[in-house]
Amino acid sequence: MQYNFNEIEAKWQKHWAENQTFKAENNSDKEKFYVLDMFPYPSGAGLHVGHPLGYIASDIYARYKRHKGFNVLHPQGYDSFGLPAEQYAIQTGQHPAITTAENIKTYRRQLDQIGFSFDWSREVRTSDPKYYKWTQWIFIQLFNSWYNIDSDKAEEIEALISKFSSDGNANVKAVCDDDILKFSAADWNAFSSKEKQAILLKYRLTFLAETEVNWCPALGTVLANDEIINGVSERGSHAVVRKKMTQWSMRITAYAQRLLDGLQTIDWPQPLKDSQTNWIGRSQGASVTFYTVTASTGENKHAIEVFTTRPDTIFGVSFMTLAPEHELVAKITTPEQKEEVEAYIEATAKRSERERMADVKTISGAFTGAYAEHPFSKKPIPIWIGDYVLAGYGTGAVMSVPCGDQRDWNFAKHFGITQAMPAIPNIFEGVDISEEAFADKEKTIIANSDFLNGLPYKKAVKTAIYELEKLQQGKGKINYRLRDAVFSRQRYWGEPFPVYYVDGMPQMIAPEHLPIKLPEVEKYLPTETGEPPLGNAKVWAWCTEKNEVVPNSEINHTCTFPLELNTMPGWAGSSQYFNRYMDPENSDEIFSKEAINYWQDVDLYIGGSEHATGHLLYSRFWQKFMFDRGFVPKDEFAKKLINQGMITGTSAFVYREEGSGRVISKGLTAGKKVVPIHADVSLVNSSDELDIEGFKNWQSDYKNAEFVLEDGKYIVGREVEKMSKSKYNVVNPDTIVADYGADSLRLYEMFLGPLEQSKPWNTAGISGVHGFLKKLWKLYFDDEGSKVTDAASSAENLKTLHKTIKKVEEDIANFSFNTSVSTFMICVNELTAQKCTSRLVLEPLAILVSPYAPHIAEELWNKLGYSQSISTVPFPTFEPKYLVESSKEYPISFNGKMKFTVKLSLDLSKEDIEAAVMAHEKTKQQLQGREPKKVIVVPGKIVNIVG
RNA sequence: GCUCGAGUGGUGGAAUUGGUAGACACGUUGGACUUAAAAUCCAAUGGACAUUAGUCCGUAUGGGUUCAAGUCCCAUCUCGAGUACCA
């Protein structure tokens, strides 16, 4: 009987689908286990071999947990809103929903043929109105919440309103906009409805704000910082400019500290935690207020607030620097300096992000002519502007301490010739600052600083803050780099907001009327007036009487109002999808209490590290919000997370000689001017030899090109790059599944190397795992049929089996799937050599292999006489008694170098071992009469003879 | 620049708390079977020297700790990922 993988795999995939083998129940006596993959964006290119890597790993884990008796939730779905489908729609006019549905079909077919144990009955698609109804619902919950600093959590806005009407806002401590005026209860009650709404908007967790955004004219959309790579859009590499816009924003900053603290409670990779920590960017210091001094005219003093991590260096301040965009610049600049300052501001505004990044060495700035007063010495300090100070961080102003900060030092040196720039004062004891600033805060004490003299860093910080507080010119402060997240996108293919506008004020549509479905539009581009694509919709108004979307022509601003034209960003749909899987068909609630209380949270989440500061941070934010409001029982959504590494492609290159146009084999290119050109990897064999005819047919430009060969062959160059269509290095899983089977693909992807490591794809080695599956098959069958007997298993058989059980369980616990594949190979090699046919060994072996190669395992199980699926059969139990050894091959080392081994009983004492080894003939030979200085004996491990 | 990770045969990689470096595969070479090929099976395979026995050298580089270092410490180099003037 042959191992016919195509037939077997099709048979079992059909069986699993028909019997809903992997359907998870929301109530069970079994313990729950939730294994989650990052759901894919269904792109038009389909899956390549890199995509399934994480899915195979999580599938092995999920299947293993089923064998261990858990009720496993292992869902899959699609993150199906996104820019590519929209861009395709713009180009072709094809509705993104159609493209998306087609792509999903391809993905589903490709996923199915790999034999994943997904519970497809729970599939979600973020672009499905049944799903995004709940994304809209969460948005409404955020809108109806504010962050109470006293209780340190989000609370209902109703509670805030009743506080306002009874006490005003004086005692409310909230995370909110910072331009809120104080009002009493009487004031509040006297406000108009619109005034009240405007004030509440400053408190809500999702709110409208005028924000400076990254505007990409080519895409007609705003991009998040993490969607911009090297100053251009991640997708399409279009130019990006800064622009002010009214946007929906999410008050993620309210959660900055809790997002940091929560990292301590979850088992996520350290590099990922580090990158979230850096992204949140907590820094502890002080805010200090400086007042401008005005010359004779006696104008108003202006307050300039700065944030500093070094209040201890307050006496080292020799000038101040404001961001060119700082609002005070225009107010304080003197008439004499006006021209220079304005010229500088204009020049900075012109510099694109890209230019600023490419050129960080250039120091530029301008003097405003204004001075501030030092809070303690009362001396005047010149106020400069410079683009090294960022408007978006801190207060957009810094107190410059050139002796303690290199950028301030550079700035002061650069402008040292102007009269406005004072000489650099040194406030550090015994430190030379003539060549560079001294930023090491621990290694000195403060000098030339009045009451701070002689104090080390920590004490000086405390004292400085204490004195600033006395003057009411400063206080200790914690600053975060994290900024509120912009939540509006000027796109078509995203979730519409459940928002309409009455008199310019946003109103939420009541949850019972959700979902608000995306309207049809003729064009997917922004409108000619610069409005988002939904501005093209003809039926996009909200009637408050009918409670439905009606044609725009009915807008009368009394009962029918315009709807929001922006849509939500990509991360909206992915920030709670893991909870929706728990109860995806529920149309009354986002999920039932029973479902969320049963499943609780994700036990294992596998996905790429590129989501570290996007999806994974936003999801944690929404989860904490959902927790505060009592919707979920856990404030972290995933206990454990594993980052799978990227599978890179091995690109192939041919070399075209400049001038002649000849295509030269790699070995002959030395000393010639050649341009490397990507060749499709399918045209190259495993010895790097190019199929020249194939290449000519593929690239007709080279139809008549002359190919210069070495030894009669054209050898291509190889380079490891990210797998991508444009690099012609994509390997499709379909052909591998057709040629070797899904089980081979699964084993091979695991066998390639550690899960978390990135590694190049190379199909050459797949014959190894395929050969293993054939050998496995042959343990059970020969040409006549089944070989399995009821014969007793030998001690040797059992030793092999239990060694394997032990190792595989350890490997799964460590996500070390590559080594368990090796272990299986060793096991099968040994059992083959032992001619093992015992059912007592071969049955457990089939179960062991089942999580990794489920199709062959099902078939073997079936042929062993069982009618049920192998998928929930208990995992074999490791029994140490089969591995007990009575003796050991001791490695005998001389001065740490292993020379030979001696087989000795493990019962021997240290002294016995030493005596046995010393008496050994080879020992005498090694020592050649010398007397050893020392003999190290580690029973069970090693003997080392020194001397 | 900063943060994190990694450097082991021709290749992918293994070595769980310091204790036999190179498991398991791929590739290569030789052999068996075959008219031939595929498939399958057997043997060899880190390098150098040595007919055999064996000797020496080997985990990016240079030091160190230790009876013993791929593993621990210090310094350096290279590569990868993230981040971008964060006051």
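Computed from a predicted structure; not experimentally measured. Proteins get letters first, then strands, A, B, ... in listed order; numbering begins at 1 in each.
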Novice: Does any part of the side chain of A:R481, heavy atoms only, come nearer than 4.5 Å to the side chain of A:I280, both counted from C-beta?
Specialist: no
Novice: Between the protein and nucleotides 53-64 of chain B, list every N/O to N/O distance that falls short of 3.5 Å.
Specialist:
residue	atom	partner	partner atom	Å
B:rC56	OP2	A:K899	NZ	3.2

Novice: Contact between A:S893 and A:V943 at the side-chain level, heavy atoms closer than 4.5 Å - yes or no?
Specialist: no
Novice: Base, sugar-phosphate alone, or nothing: which one does A:S893 contact when heavy atoms must sit under 4.0 Å apart?
Specialist: nothing
Novice: For residues 824-834 of chain A, which residue pairs pass the salt bridge (Lys or Arg N to Asp or Glu O under 4.0 Å) check, not counting sequence neighbours?
Specialist: A:K803-A:E830
Novice: When you measure from the side chain of A:M825, which nucleotide among B:rC24, B:rC26, B:rA84 comes out closest?
Specialist: B:rC24
Novice: Starting from C1' on B:rA14, measure out to CZ on A:F824 and report it in whole angstrom.
Specialist: 16 Å
Novice: Starting at atom CD1 of A:I913, determine the distance to atom P of B:rU20, rounded to an integer number of angstrom.
Specialist: 16 Å
Novice: Strictly by salt bridge (Lys or Arg N to Asp or Glu O under 4.0 Å), give each pair with a member in residues 810-825 of chain A just once, sequence neighbours left out.
Specialist: A:K806-A:E810, A:K807-A:D811
Novice: Return the nearest nucleotide to the side chain of A:R481; candidates are B:rU83, B:rA25, B:rA87.
Specialist: B:rU83
Novice: Between A:T823 and A:M646, name the one whose nearest nucleotide on RNA chain B is closer to the 5' end.
Specialist: A:T823
Novice: Tell me whether B:rG7 sits syn or anti, counting syn as a glycosidic angle within 90° of 0.
Specialist: anti
Novice: Please report the distance separating the P of B:rA60 from the corresponding atom of B:rC49, rounded so that it comes out in whole Å.
Specialist: 24 Å
Novice: Can you sort out which residues in residues 809-818 of chain A have a heavy atom within less than 4.0 Å of RNA chain B? Ascending by number, please.
Specialist: A:E810, A:N818
Novice: List for me each residue that meets ring pair (Phe, Tyr, Trp, His ring centres under 6.0 Å) alongside A:Y3, sequence neighbours excluded, and say none if there are none.
Specialist: A:F5, A:W777
Novice: Does A:Q276 reach the main-chain N or O of A:A612 with its side chain, forming a donor-acceptor pair under 3.5 Å?
Specialist: yes
Novice: B:rA84 C1' sits how many Å from A:D387 CG, rounded?
Specialist: 14 Å
Novice: Tell me whether A:H770 contacts the main-chain N or O of A:S744 through its side chain, where contact means a donor paired with an acceptor under 3.5 Å.
Specialist: no
Novice: How long is the line joining CZ of A:F290 and P of B:rA87, in whole Å?
Specialist: 16 Å
Novice: Listing time: all N or O pairs from protein to nucleotides 3-12 of chain B that are below 3.5 Å?
Specialist:
residue	atom	partner	partner atom	Å
B:rG12	O2'	A:L752	O	2.6

Novice: Using a 4.5 Å cut-off on heavy atoms from C-beta on, say whether the side chain of A:L482 contacts that of A:L617.
Specialist: yes
Novice: Give me, pair by pair, the N or O atoms of the protein and of nucleotides 66-74 of chain B that are less than 3.5 Å apart, along with how far apart they are.
Specialist:
residue	atom	partner	partner atom	Å
B:rC67	O2'	A:N944	ND2	3.0
B:rC67	O2	A:N944	ND2	2.8

Novice: Taking side-chain contact (heavy atoms from CB on, under 4.5 Å) as the test, write out the residues that go with A:E889, two or more places apart.
Specialist: A:T901, A:K903
Novice: Indicate the ring-plane relationship of A:W571 and A:Y618, choosing parallel, tilted or perpendicular according to the 30° and 60° boundaries.
Specialist: parallel
Novice: Specify the separation, in whole Å, of atom CZ of A:R407 and atom C1' of B:rA84.
Specialist: 12 Å
Novice: Expressed in whole Å, how much space separates the P atoms belonging to B:rC4 and B:rG9?
Specialist: 27 Å
Novice: Could you give the distance separating B:rC41 and B:rC33 at their C1' atoms, to the nearest angstrom?
Specialist: 8 Å
Novice: Under 30°, 30 to 60°, or over 60°: which ring-plane class applies to A:F411 and A:Y388, parallel, tilted or perpendicular?
Specialist: tilted
Novice: Looking at side-chain heavy atoms only, is the closest gap between A:W384 and A:L322 below 4.5 Å?
Specialist: no
Novice: For B:rU76 versus B:rG22, give the span between their C1' atoms, rounded off to a whole number of Å.
Specialist: 27 Å
Novice: Would you mind listing every salt bridge (Lys or Arg N to Asp or Glu O under 4.0 Å) that reaches into residues 764-780 of chain A, with sequence neighbours excluded?
Specialist: none
Novice: Check whether any side-chain heavy atom of A:L745 sits under 4.5 Å from a side-chain heavy atom of A:D743, and report yes or no.
Specialist: no
Novice: Nearest to the side chain of A:T901, which nucleotide is it out of B:rU20, B:rC85, B:rA15?
Specialist: B:rU20
Novice: Between the side chain of A:K273 and the main-chain N/O of A:L263, is any donor-acceptor distance below 3.5 Å?
Specialist: yes
Novice: Check whether any side-chain nitrogen or oxygen of A:Y393 sits under 4.0 Å from OP1 or OP2 of B:rA87, and answer yes or no.
Specialist: yes
Novice: Has A:K799 got more than 12 heavy atoms of other residues, nucleotides or ligands less than 6.0 Å from its NZ?
Specialist: no
Novice: With the side chain counted from C-beta on, respond yes when A:M399 and A:I314 share a heavy-atom pair under 4.5 Å apart, and no when they do not.
Specialist: yes
Novice: Taking the P atom in each of B:rG5 and B:rC85, what is the distance between them to the nearest angstrom?
Specialist: 24 Å
Novice: Whole angstroms only, please: what is the CG-P distance between A:L272 and B:rU83?
Specialist: 12 Å
Novice: Apply side chain to side chain donor-acceptor pair (under 3.5 Å) to A:W761 and list each qualifying residue two or more places apart in sequence or on a separate chain.
Specialist: A:T763
Novice: State, with a plain yes or no, whether a side-chain heavy atom of A:P324 is found less than 4.5 Å away from one of A:V329.
Specialist: no
Novice: Starting at atom CE of A:M750, determine the distance to atom P of B:rC24, rounded to an integer number of angstrom.
Specialist: 21 Å
Novice: Please list, for nucleotides 40-47 of chain B, all pairs of protein and nucleotide N/O atoms separated by less than 3.5 Å.
Specialist:
none

Novice: Report the relative orientation of the aromatic rings in A:F824 and A:Y852; use parallel for angles under 30°, tilted for 30 to 60°, perpendicular for over 60°.
Specialist: perpendicular
Novice: With Watson-Crick and G-U wobble geometry limited to distances under 3.5 Å, how should the secondary structure of RNA chain B be encoded in dot-bracket form, using | for bases paired to another strand and [ ] for crossing pairs?
Specialist: (((((((..(((......[....)))((((((.......))))))((((....))))..(((((..]....))))))))))))....
Novice: Rounded to whole angstroms, how far apart are CZ on A:F307 and P on B:rC86?
Specialist: 13 Å
Novice: Rounding to the closest angstrom, what is the interatomic distance between B:rG13 and B:rA25 at atom C1'?
Specialist: 9 Å
Novice: Would you mind reporting whether A:L641 and A:I606 have side-chain heavy atoms less than 4.5 Å apart?
Specialist: no
Novice: Please tell me which of A:S283 and A:K807 maps to the more 5' nucleotide of RNA chain B, matching each residue to the nucleotide holding its nearest heavy atom.
Specialist: A:K807
Novice: In whole Å, measure the gap between the P atoms of B:rA87 and B:rU17 for me.
Specialist: 38 Å
Novice: Given the P atoms of B:rA14 and B:rA84, what is the spacing between them in whole Å?
Specialist: 32 Å
